[in-house]
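For reference, the structure is listed below as structure tokens.
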Amino acid sequence: MQKPESIVILTGAGISAESGIETFRAADGLWANHPVDEVATPEGFERNPQLVYQFYNQRREQLLSQDIKPNAAHTALAKFEHDFDGTFLLVTQNIDNLHERAGSENVLHMHGELLKMRCLNSKMVFDIRESFDYDTRCECCRSPGNLRPHVVWFGEMPLHINQINMALEACDIFIAIGTSGNVYPAAGFYQTAKNCQAHTVELNLEKTGSSFDTSVYGPATQIVPEYLEKILQS
């Protein structure tokens with residue numbers, strides 16, 4: 001393997017599953033026993049904001065529990081970022097903070113962050129580690145009912161998409177880790193990179209329908225450290 005000068009890595013729910021974070025949707029289409037359109041769409045929030053607040057408050061409480069910790073794949077990515085002497089960007093579909101807790105620094109959360117909330121009026125984003133709901137007063141406008149989870153729901157535009165596309169067009173290697181390849185635009189990132197002559201790699205528990213140049217299957221905690229070490233030794 002020729003040593004690359006620029007790498008973009010995309011991570012999905014599969015990398016956090018081994019840390020105990022449940023994947024977005026189970027085979028029955030439910031997320032924590034809720035239909036996705038109830039808790040992950042703007043329409044669901046408009047219909048029943050209290051249910052949506054409760055849902056994300058529970059997810060946040062789980063993330064902050066002592067049981068949830070970065071795993072070996074998160075740690076390997078943080079180590080790789082610090083050891084790699086080229087251009088590096090880590091894009092994640094996950095709304096948890098496990099990459100940051102493992103030591104990663106150049107991270108873009110394209111689907112938002114569970115530990116942040118956003119004002120519906122000013123669009124200002126605030127850190128949050130406690131529960132909040134319709135009655136919580138916003139820090140900027142001092143009004144209740146103006147705060148929502150800083151999470152990209154179905155039907156909304158992902159964050160940082162222009163910056164991500166620029167990095168994909170310039171990278172030598174694109175690596176997708178633990179992502180199903182079913183949710184766009186992230187599912188098309190490998191094609192964008194491939195069209196610009198990048199080598200595309202899939203590190204996943206099982207094969208997806210995408211045509212990567214290289215595919216390695218197995219638990220992320222095993223295959224991610226091994227593959228990243230190969231790049232560093234090239």
Side-chain angles (χ1 to χ4, degrees), residues 10-25 30-71 74-75 77-78 89-161 163-164 178 183 186:
L10 170 70
T11 63
I15 197 170
S16 293
E18 292 183 71
S19 290
I21 300 287
E22 56 191 312
T23 54
F24 183 75
R25 269 189 290 185
L30 299 180
W31 190 16
N33 298 318
H34 292 284
V36 171
D37 60 359
E38 286 188 359
V39 295
T41 64
E43 295 79 12
F45 184 60
E46 186 175 344
R47 284 193 304 267
N48 192 345
Q50 205 60 36
L51 173 64
V52 176
Y53 286 127
Q54 180 182 4
F55 178 81
Y56 288 96
N57 287 339
Q58 290 173 347
R59 306 280 81 70
R60 189 179 306 106
E61 184 178 355
Q62 180 203 26
L63 176 60
L64 294 172
S65 72
Q66 295 183 349
D67 298 331
I68 303 299
K69 299 175 182 178
N71 61 51
H74 295 107
T75 303
L77 282 166
L89 177 63
L90 176 58
V91 181
T92 185
Q93 297 172 277
N94 300 333
I95 60 175
D96 62 59
N97 66 339
L98 296 181
H99 284 304
E100 288 85 352
R101 287 174 59 186
S104 291
E105 297 176 358
N106 197 16
V107 185
L108 293 181
H109 286 264
M110 63 179 294
H111 290 160
E113 299 178 63
L114 188 55
L115 299 184
K116 293 185 178 180
M117 59 184 179
R118 184 168 78 241
C119 175
L120 292 167
N121 289 336
S122 69
K123 311 305 181 188
M124 290 183 65
V125 178
F126 306 96
D127 292 334
I128 182 71
R129 299 178 75 85
E130 302 83 23
S131 294
F132 72 99
D133 58 23
Y134 189 87
D135 296 322
T136 303
R137 289 188 177 273
C138 176
E139 292 183 34
C140 61
C141 61
R142 309 306 301 171
S143 298
N146 286 341
L147 293 167
R148 59 160 281 180
H150 185 52
V151 174
V152 176
W153 291 325
F154 284 98
E156 296 182 325
M157 180 64 67
L159 308 174
H160 315 295
I161 201 68
Q163 185 178 349
I164 293 169
V183 179

For [X], which residues count as a side-chain hydrogen bond (donor to acceptor under 3.5 Å, both in side chains) partner, sequence neighbours excluded?
X: T41; answer: none
X: E156; answer: R148
X: E38; answer: none

Report yes if some heavy atom in the side chain of [X] is under 4.5 Å from a heavy atom in the side chain of [Y]; otherwise report no.
X: F126; Y: C140; answer: yes
X: N97; Y: L114; answer: no
X: D127; Y: K116; answer: yes
X: T136; Y: I128; answer: no
X: H74; Y: S16; answer: yes
X: V107; Y: E100; answer: yes

Under the 3.5 angstrom rule, does the side chain of [X] hit a backbone N or O of [Y] as a donor-acceptor pair?
X: N71; Y: I15; value: yes
X: N57; Y: F132; value: yes
X: Q62; Y: G20; value: yes
X: N94; Y: G12; value: yes
X: H111; Y: T92; value: no

Problem - side chain to side chain contact (heavy atoms under 4.5 Å, CB included) between L89 and N106, intermediate numbers included - result: CA-CA 6 Å; L89 177 63; N106 197 16; 3.9 Å; yes

Check [X] against [Y] and note the closest heavy-atom contact, atom names and distance.
X: T75; Y: A102; result: N-CB, 3.9 Å
X: C141; Y: N121; result: SG-ND2, 4.2 Å
X: G103; Y: A78; result: C-CB, 3.6 Å

Measuring from [X]:[atom1] to [Y]:[atom2], what's the distance to the nearest 0.5 Å?
X: E139; Y: L147; atom1: CD; atom2: CG; answer: 8.0 Å
X: R101; Y: L63; atom1: CZ; atom2: CG; answer: 6.5 Å
X: E43; Y: D37; atom1: CD; atom2: CG; answer: 9.0 Å

Problem - Plane angle bin for W153 and F45 - parallel if under 30°, tilted between 30 and 60°, otherwise perpendicular - result: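 It falls in the tilted class, 30° to 60°.
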
Exercise for the section: Test side chain to side chain contact (heavy atoms under 4.5 Å, CB included) on L115 and R129 and set out the steps. Expected result: CA-CA 6 Å; L115 299 184; R129 299 178 75 85; 3.8 Å; yes

Handout entry: R60 to Y56 six-membered ring, cation-pi geometry met (6.0 Å, 45°)
Key =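 R60 over Y56 ring: no.
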
Exercise for the section: Could you walk me through whether L159 and H109 pass side chain to side chain contact (heavy atoms under 4.5 Å, CB included), step by step? Expected result: CA-CA 7 Å; L159 308 174; H109 286 264; 5.8 Å; no

Exercise for the section: Give the intermediate values and the outcome of side chain to side chain contact (heavy atoms under 4.5 Å, CB included) for residues L98 and I68. Expected result: CA-CA 9 Å; L98 296 181; I68 303 299; 4.0 Å; yes

